[in-house]
Amino acid sequence: MTRVTTSLVPTVRARGSSTGMRRVGAVLTSLWLPVLLVGIWWFATANSSSPFFPPLGDILVETWNQWVVLGAWTNAVVSLRNLFIGYLFGVLIGIVGGSLLWRLRYLRIAVNPIIYFLYVLPAPALLPAMIAIFGIGDMRQIALIALGSIWPTLLNTLDGMRGIDTVKFDTARGLRLGGWRTYTRLVLPGASPQIAAGMRASLTVGIVLMVVSEMVAANSGIGFFILQAQAEFAIKKMWTGILVLALIGTALNYLFVFVERRVLRWYYRSRALGSS
Amino acid sequence: SGGGAPADAGGEGDGGAPEKSTLTVAINPSTQFAPLYYGIQEGIFEEHGLELEITPQTDIAAIVSGLASGTYDIGFATVVHAVTANANGIPIRAITTIEGQIQEDDEGTVTIASAESGITDFAGLEGKRVATVGLSSHNTMTMWELADRAGADTESIELVQLPFGQMAAALASGDVDAAIMQWPFAADALAAGGVELGYNNRELFVDTATTLFNTSQSFIDQNPNTVRAFADAMAESIVGATENPDVAKESLIEGLGITAEQAAGARWNIGGDPALNLDAFEVARDLLVKFSTDESAKTALENLDVSTVVWPGAL
Amino acid sequence: MSSAAVFTPTATETVLTVDGLRKIYNEGTDQANMAIDAVSFHVDKGEFVCIVGPSGAGKTTLLRCISGLASPSAGAVTFEGRPLTNVPEQLGLVFQDYGRSLYPWLTNGDNVALPLSARRMPRAERAARVAESLQSVGLGHVERKYPWELSGGMQQRVAIARALSYRPELLLMDEPFASVDAQTRFDLEDLILEVRRELGITVVLVTHDIDEAIYLSDRIVVLSKNPSVVREVVDVDLGDERTQVETRASEQFLSLRRHLLSLVMPKDA
Amino acid sequence: MSSAAVFTPTATETVLTVDGLRKIYNEGTDQANMAIDAVSFHVDKGEFVCIVGPSGAGKTTLLRCISGLASPSAGAVTFEGRPLTNVPEQLGLVFQDYGRSLYPWLTNGDNVALPLSARRMPRAERAARVAESLQSVGLGHVERKYPWELSGGMQQRVAIARALSYRPELLLMDEPFASVDAQTRFDLEDLILEVRRELGITVVLVTHDIDEAIYLSDRIVVLSKNPSVVREVVDVDLGDERTQVETRASEQFLSLRRHLLSLVMPKDA
Amino acid sequence: MLDRSRSWLNWALPVVTVGVVLLAWQFVTAGGMVSATQFPTMTDTMAALGREISTGRVWPAIGATLIGWLIGMVITIVLGVIIGTALAFNDFAQRSAAPVIEIFKAIPAIAILPLVILIAGSTLPMKVFLVCFAAFWPFLIQVIYGVRSMDPIVLDTARALGVRGARRFLQISVPSASPYLVTGMRIASAQALILCIVAEIVGGAAGIGRNILLAENTGVVAYPTMYAYIMVAGILGVALTGGFFLLEKRVMHWHESQRNIRESNKVGAA
Ligand SMILES: Nc1ncnc2c1ncn2[C@@H]1O[C@H](COP(=O)(O)OP(=O)(O)OP(=O)(O)O)[C@@H](O)[C@H]1O
Ligand SMILES: Nc1ncnc2c1ncn2[C@@H]1O[C@H](COP(=O)(O)OP(=O)(O)OP(=O)(O)O)[C@@H](O)[C@H]1O
Ligand SMILES: [Mg+2]
Ligand SMILES: [Mg+2]
């Protein structure tokens, strides 16, 4: 579980007080390729008559029509709400569960196979079962998202806590920090870089499950929107759904990284400075 | 049609031997395909120089696009799918029906309400939650139309996409108030006290076929004899299955991999006329226009000449 | 932990007594590994005692037993007349590897404040104490910075400040200067001598550097190779005033050095 | 790399000439950092030269320039009469951190064989050479083991064996004994003296330990603080026969030590 | 601390737990706490699993799922290593590509599934494309990180020893990046399996997922079969992940993490 990196977003901004020119250069470097690719997409499809690859311009117009004019944005709101609640539950259970497993050795040994089974079990395979248990409605979506996002966080929490240097625990005992203070001042922050990595993996899983769960037995959400478009053979409409989902996914990813870089400032700065 | 057909023709028909003898046929497995399996079992397709490779595929949209991309030679779709696909620029053509035309006493698709919901007719669906196998499917359209005719506000009906197999359970648990179902699943729902609201197709599609085998325009252009041979074989199979329903039912045991008991309860339009006509396409187009919320989609549907959706040889 | 049996009233001056200490890792399994065989010595109040021994001798193990972090397999450790069961309140600990013992997610100030808040010291008093402790190791200005923003020598000073902040009576240090460069090391050695003079605390320091041991201590406990026993306890009478250049070149220093080298080097063993 | 211009025929005995070397990191940017200002010295064939200087003086940087791993910002490095452009074939390098320079995925034998196979030595000859090299550092039995199965001192020996395996004419070492304990350090120091005597190679060794520098070298280059210049080049005439206990206690050693300390310690600067 | 005398707990506890969970499942379903239409009993499910195995129906499904997984993995790993290494050695290329990689990584492959189904049908190429789309980006990031996090001393040493060219790539660069590569493969494998099964459930491509779907469509009578296939999916996941852990253990035996694991196993405590 260690050695997992899930983002290429730059760790530190250009070192020191970079001049304006340099910052412009950095922005240009990161922008030219996406812009070029969008440009290629635009011109390659400009005169497209294939029903599957409509012109990009048409897709953009359709996106505005569908999501703003026709009010499909409510689907995004529903999706995000389910994601938020499910993810929050999943991550909380993951951290608390991971801490418990770290603390309770025998429990860890005992439930290890079950946890690994649930972790590697492709969560979408549980969809039919979830319908049977939770019925139809947001509850099922939330439950599935929560269930899927527990495991990466839980396992990373456990791994992170087990990976804390024994010298740091000796230090805590030497300073007589006591149980709770050791947990809040040493165990949690010490494992936090890996907990964050787990939470990021959980977010990815959560978004996937958000979409999958809406593609089966749902009546709202982005996944529902895309699947409905498919059933209507409304390919352009489907493209708009994919576009919106890509935007949301990217935005959530960057948001996560943004928050993580601030909360774990000590970790990224110390790493950038070369000490452990 | 069929200009330069090879000389050593082994098949019948007027156009010569099929250009392609092995066909990939995508179906959405159900007992409605009894005539198809009957035809295969009795060697009717073989007589026409055809060998069929049946591919089960639950997603009709995937079948339609598979036809357009050439993955499948022939594939199942309802009339609603065929019309929608063409309105969206995907050129598929209906070449034959899978089971014959709908009759006055059709016992196919049925709308059932749960006992607890208190719904007794289509008007009662207003504001309720209804399970359907596909959101923009044939079943949904007919249910909307019937509800509309009964005076319900169709926009207030909440749809949930569910496979037939789960509808009975969803009705029983109260997850949905009503479901548009197929046999044999409908039996479970009715046995659990479900209320039969009506047979959707009986009201709207009598004497016209709604369940179709389709292919792409380019396949027709390149393999006219094959298409003809398939259509002929299918028509013969439908007639044969009508004459020997028990044999046709038995053919399902191996074909669909179901039990003898399930096969005995198989249903299709036994005795339906195996010919296509444009009525179903016009009704479907009108329903789609009526219930479309999207202006551009509506315009495309209005501009669609439904006769282009059907292979001329089928009419 | 057969400690109570061996308990004997000690002289008023004795802070720490180690009596027949033995430590076996993984006792009772087939990977049993005796790190310490039999070590006995005592430390008087205000004394500076160094423990030297080759690598792997069990010095760290010994220190962990003395501090109460590990329990001995046999023998007893008595701190201020009471047998040791846990880490005592009045004990300060400085580990070899500053990089591992300072918490990188806390500022230097918070690192130093940690044992104080664990001892429920009021916030205002705490802040004053933190500033004072850092001042005493010559780091008045780094309270807001993080440990990893400092050089190695400065980090080790923060660790010392943290161990001193709650005014321990006994300071245990495990090779505290092993990973800093020679010059910083000289500085830190002088710093610890000065701190000890000012606060009058007792210090036990583990090192494998013989020169360092002689320069710092009043008494040196020389351990044998693993499993270790006490080879000799050497008294160091270099007086209170020591300087890096003069003291280390004095005749007394050199003869002590020769003696210790002959104890430690295997060819002469 | 203004090397060609400075080229002058050197005495037959001179292996390495460093002339007005300057190294600026991140040159031309606002983070420019001058590590070395102006360093000139030369090394004769068969000589043992130590470079001492405080931490951060630029010792590692200097060694990287001498070995051809880094290119100087100004000045020239001449190796065997030719200006340096890349790492020469006849150069051996031992890095400070054995943990990072030995490849953990190769056995000790394979680690030692690596430069040999890179030089396309036939397999049979290679095997013999590997065994011989490991033997020469007193590690005949570890060929099949992995570096991490050895103690720190043994790992550093493997690194030395690797650098010696292809019989370099010049051996460069960057604080090779900094992270081993005192006794192992003594052993390794004696080992390197012996190897050098046997093979007659030239050695340049970087250290911050003054005692070590005196004990090992024929000449000591003392660097100032960063950006470094040569503070003084000190000749060491302790003869060829040196022993850890005797030599280090000799009058000559101590006076050299006093002199170097006064050069290095900031209070006296 | 778990000493030797109690090391039997290491295998006994998990076995007991699995047993307890299975019994609890049986108790809850057979005892009527959950209706049979919602959840089949454990024995029924096991019987269904046995039937699927004895009739041999389960093997083609597993085969179809695995073939999609395998082709997708091979493409992902080959392309990932080549492109990742190329990007890692060129700072400009890496910084230019980073946003594109991030964006593509953020698009759930599920979202393009309906579109891919329309274009390619429910076929093996469709499955392979989705598998690659889902597994490629995270793996690429791992490769770039692995190559970039190479200790400069490792490279310096290689240069000083005169090791260059292909030898340097194979004997130095690849082993040095291998911790990241192996972890990346393990993650990619899990992603690939999930995508295979989703493509089968949502898109109806042949495989375990489609058997789940077909059983679901068949209704309540087929629920035990459905859960049997869900279990097959989980077991397949365990097998593949376990395989990668074993691979990691074999290939990475020299790496610190593996040494630590061995060490902690030996001492019998963690
Ligand atoms: N947790 C442990 N489990 C088993 N054996 C241990 C453990 N810790 C240390 N040992 C063993 O005990 C012996 C003494 O180790 P210790 O770390 O106390 O030596 P040391 O004198 O501090 O060495 P150094 O100078 O290298 O720090 C060694 O042989 C070591 O392998
Ligand atoms: N890659 C680099 N980029 C920028 N500055 C560097 C780099 N490497 C070293 N420096 C700087 O150059 C100076 C000299 O560093 P160097 O590592 O050569 O010192 P040193 O004498 O070897 O120190 P030590 O004794 O700690 O090993 C230091 O100020 C350091 O910060
Ligand atoms: Mg130690
Ligand atoms: Mg250096």
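Ranked by heavy-atom pairs shorter than 4.5 Å toward chain A, the options E:Ala134, E:Gly184, E:Gly237, E:Cys196 are led by E:Gly237. Contact count versus chain A (heavy atoms, under 4.5 Å) is highest, among E:Ala215, E:Gly234, E:Gly209, for E:Gly234. Comparing A:Val211, A:Thr204, A:Val205 by how many heavy-atom pairs each has under 4.5 Å with chain E, the most go to A:Val211. Ranked by non-hydrogen atom pairs under 4.5 Å with chain E, the options A:Gly241, A:Ala246, A:Ala110 are led by A:Ala110. Most heavy-atom pairs under 4.5 Å with chain E, from the set A:Leu252, A:Thr166, A:Ile222, A:Ile114: that is A:Ile114. With chain A as the partner, the residue from E:Ile197, E:Ile112, E:Ile103, E:Leu115 showing the most heavy-atom pairs under 4.5 Å is E:Leu115.
Heavy atoms of A:Pro113 lying under 4.5 Å from chain E belong exclusively to its side chain. Of the two parts of A:Leu37, only the side chain, counted from C-beta on, holds a non-hydrogen atom closer than 4.5 Å to a non-hydrogen atom of chain E. Of the two parts of E:Val238, the backbone and the side chain both hold a non-hydrogen atom closer than 4.5 Å to a non-hydrogen atom of chain A. Both the backbone and the side chain of E:Ile235 come within contact range of chain A, judged by heavy atoms closer than 4.5 Å. Heavy-atom distances place no part of E:Ala190 under 4.5 Å from chain A, backbone and side chain included. Both the backbone and the side chain of E:Ser96 come within contact range of chain A, judged by heavy atoms closer than 4.5 Å.
Between A:Tyr116 and E:Phe245, the ring planes lie perpendicular to each other; the angle is over 60°, past the 30° to 60° tilted range.
Two residues are said to be in side-chain contact when any heavy atoms from C-beta on lie closer than 4.5 Å; E:Pro114 and A:Met215 meet this criterion. Looking only at side-chain heavy atoms (C-beta outward), A:Ser30 and E:Arg95 stay at 4.5 Å or farther from each other. Two residues are said to be in side-chain contact when any heavy atoms from C-beta on lie closer than 4.5 Å; E:Pro14 and A:Asn112 fail this criterion. Side-chain contact between A:Phe117 and E:Val18: absent, with no pair of heavy atoms (C-beta onward) separated by less than 4.5 Å.
Heavy atoms only, all atoms of each residue included: A:Val208 and E:Pro108 are closest at CG2-CB, 4.1 Å. For the pair A:Gly249 and E:Ala106, the tightest heavy-atom approach, listed with the atom from each and the gap, is C-CB, 3.4 Å.
Distance CD1/A:Ile242 to CD1/E:Ile110: 12.0 Å, rounded to 0.5 Å. One finds the CG atom of A:Asn253 at 4.5 Å from the NZ atom of E:Lys105 (value rounded to the nearest 0.5 Å). Summarising the geometry, atom CG belonging to E:Leu13 is positioned 10.0 Å from atom CZ belonging to A:Arg105; distances are rounded to the nearest 0.5 Å. For the atom pair E:Ile107 CD1 and A:Leu245 CG, the distance stands at 8.0 Å (nearest 0.5 Å).
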